[in-house]
Enquirer: 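Please see the structure below; I have some questions.
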There are 2 protein chains.
Amino acid sequence: MRKQSSTNTINKEHIESNCGIAYTNSVLNGRWKLNILAFLLDEEKLRYSELKTRLIGISERMLIAQLKELQADGLVHRNSYPEVPPRVEYSLTPKGKSLEKILIQMAEWGTKNNQN
Amino acid sequence: MRKQSSTNTINKEHIESNCGIAYTNSVLNGRWKLNILAFLLDEEKLRYSELKTRLIGISERMLIAQLKELQADGLVHRNSYPEVPPRVEYSLTPKGKSLEKILIQMAEWGTKNNQN
DNA sequence: CTGGATCCGACATGATACTG
DNA sequence: CAGTATCATGTCGGATCCAG
């Protein structure tokens, strides 16, 4: 059992044998990832603190963790500026942007089917 | 659930889109749900044992649990026949089928981006 | 401001034996 | 065949303190 490099708990060994859905799931699975991607898709780039403000309820620990996983999976780009105080901006990579259609459809589906 | 900053630093589309995504995420969240839905989408209806065979590595406990949640969310229909031995077939509800486009796109994206 | 490190409880998931 | 019950394990995710 190969130790996970950095992504998440789902082992990617016997995933490829099944179908693309499993890989997509392994990349997007997580309580906050879809929301993070949606915000970045909407606003191009966001600072760490801006993300934290928008993701109501997330802890710093989780925000950092999810961002790292998204970076490891090549969906999110991290750009830090050598300033004081530090400034870090996150944005979508092309791979991340290629999820746009899926994200939009998920948003539409959720809005339509969430009857509370 | 929509909270509003009085004016419009954040546009409405944005907020709705994220609420929708949050609901979609909450419904699809889980290690196996997407795969279960994908198999049911593909094969119309499947028996419990057929699902178990296809979902390599899932435990009975998890399969039942995920199926129950999918039923509770109205995505999957359970049809049991009064026979001996018992026969139970699972299929997608219309709500479940309405995820078809999303599932197909996730499968395509996963196949295209899973470079192993 | 942007994180890193650690502790800990809650919960997701798995293994296995058992039942109608 | 289609589940349940029980026990065991690991991961998630929050709180808190610390650092450049």
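Quick caveat: nothing in here was measured; it's all calculated off a predicted structure. Because only heavy atoms are used, hydrogens play no part in the values below, and waters and symmetry mates are left out as well, while side chains stay in. Numbers restart at 1 for each chain; the letters A, B, ... are given by sequence-line order, proteins then strands.
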Enquirer: Restricting to side chain to side chain contact (heavy atoms under 4.5 Å, CB included), what partner residues turn up for A:Ser49, sequence neighbours left out?
Expert: A:Arg47
Enquirer: Starting at CD of A:Gln66 and ending at P of D:dT11, how long is that distance when rounded to a whole Å?
Expert: 16 Å
Enquirer: Supply the atom-to-atom distance A:Phe39 CZ to A:Leu92 CG, rounded to the nearest 0.5 angstrom.
Expert: 13.0 Å
Enquirer: Checking side chain to side chain contact (heavy atoms under 4.5 Å, CB included) against A:Leu75, which of A:Lys97, A:Glu69, A:Lys95 comes through?
Expert: A:Lys95
Enquirer: When the distance from CD of B:Glu50 to C1' of D:dA2 is rounded to whole Å, what number comes out?
Expert: 13 Å
Enquirer: Give the rounded distance in Å between these two atoms: CD of A:Glu83 and C1' of D:dG20.
Expert: 15 Å
Enquirer: Roughly, in whole Å, what's the span from CE in A:Met62 to P in D:dT16?
Expert: 17 Å
Enquirer: Determine whether a donor-acceptor pair (N or O, by modelled atom type, separation under 3.5 Å) exists between the side chain of B:Asn113 and the backbone of B:Trp109.
Expert: yes
Enquirer: Identify whether the distance between the nearest side-chain nitrogen and carboxylate oxygen of A:Arg87 and A:Glu89 falls below 4.0 Å.
Expert: yes
Enquirer: Taking only the side-chain nitrogens and oxygens of B:Ser49, find out if one of them lies under 4.0 Å from OP1 or OP2 of D:dA2.
Expert: yes
Enquirer: Measure the distance from CZ on B:Arg61 to C1' on D:dT6 and round it to the nearest whole Å.
Expert: 10 Å
Enquirer: Taking any atom under 4.0 angstrom from a heavy atom of chain B, which nucleotides of DNA chain C are the first and last to qualify, 5' to 3'?
Expert: C:dT13 to C:dG20
Enquirer: Pick the closest DNA chain D nucleotide for A:Ile58 and for A:Pro86 by heavy atoms, then say which residue is nearer the 5' end.
Expert: A:Ile58
Enquirer: Using only side-chain N and O atoms of B:Tyr90, determine if any of them is under 4.0 Å from OP1 or OP2 of D:dG3.
Expert: yes
Enquirer: Taking CG from B:Asn79 and C1' from D:dC1, how many angstroms apart are they, rounded to a whole number?
Expert: 15 Å
Enquirer: Starting at atom CD1 of A:Ile64, determine the distance to atom C1' of D:dC18, rounded to an integer number of angstrom.
Expert: 14 Å
Enquirer: Measuring from A:Met62:CE to A:Leu67:CG, what's the distance to the nearest 0.5 Å?
Expert: 10.0 Å
Enquirer: Are A:Arg31 and D:dT11 close enough that a side-chain N or O sits under 4.0 Å from OP1 or OP2?
Expert: no
Enquirer: Using atom types as modelled and distance alone, determine if a side-chain donor or acceptor of B:Asn29 lies under 3.5 Å from a backbone N or O of A:Asn29.
Expert: no
Enquirer: End-to-end bend of the helix from C:dC1-D:dG20 to C:dG20-D:dC1 (five-pair axes, 10° rounding)?
Expert: 50°
Enquirer: Does one hydrophobic cluster hold both B:Val76 and B:Leu55, with members joined at side-chain heavy-atom distances below 4.5 Å?
Expert: yes
Enquirer: When you measure from the side chain of A:Thr24 to the backbone N and O of B:Met106, does any donor-acceptor pair fall under 3.5 Å?
Expert: yes
Enquirer: To the nearest angstrom, how far is B:Glu60 atom CD from D:dT6 atom P?
Expert: 16 Å
Enquirer: Within the structure shown, what part of the strands sits under 4.0 Å from A:Lys52 by heavy-atom distance: base, sugar-phosphate, or nothing?
Expert: nothing
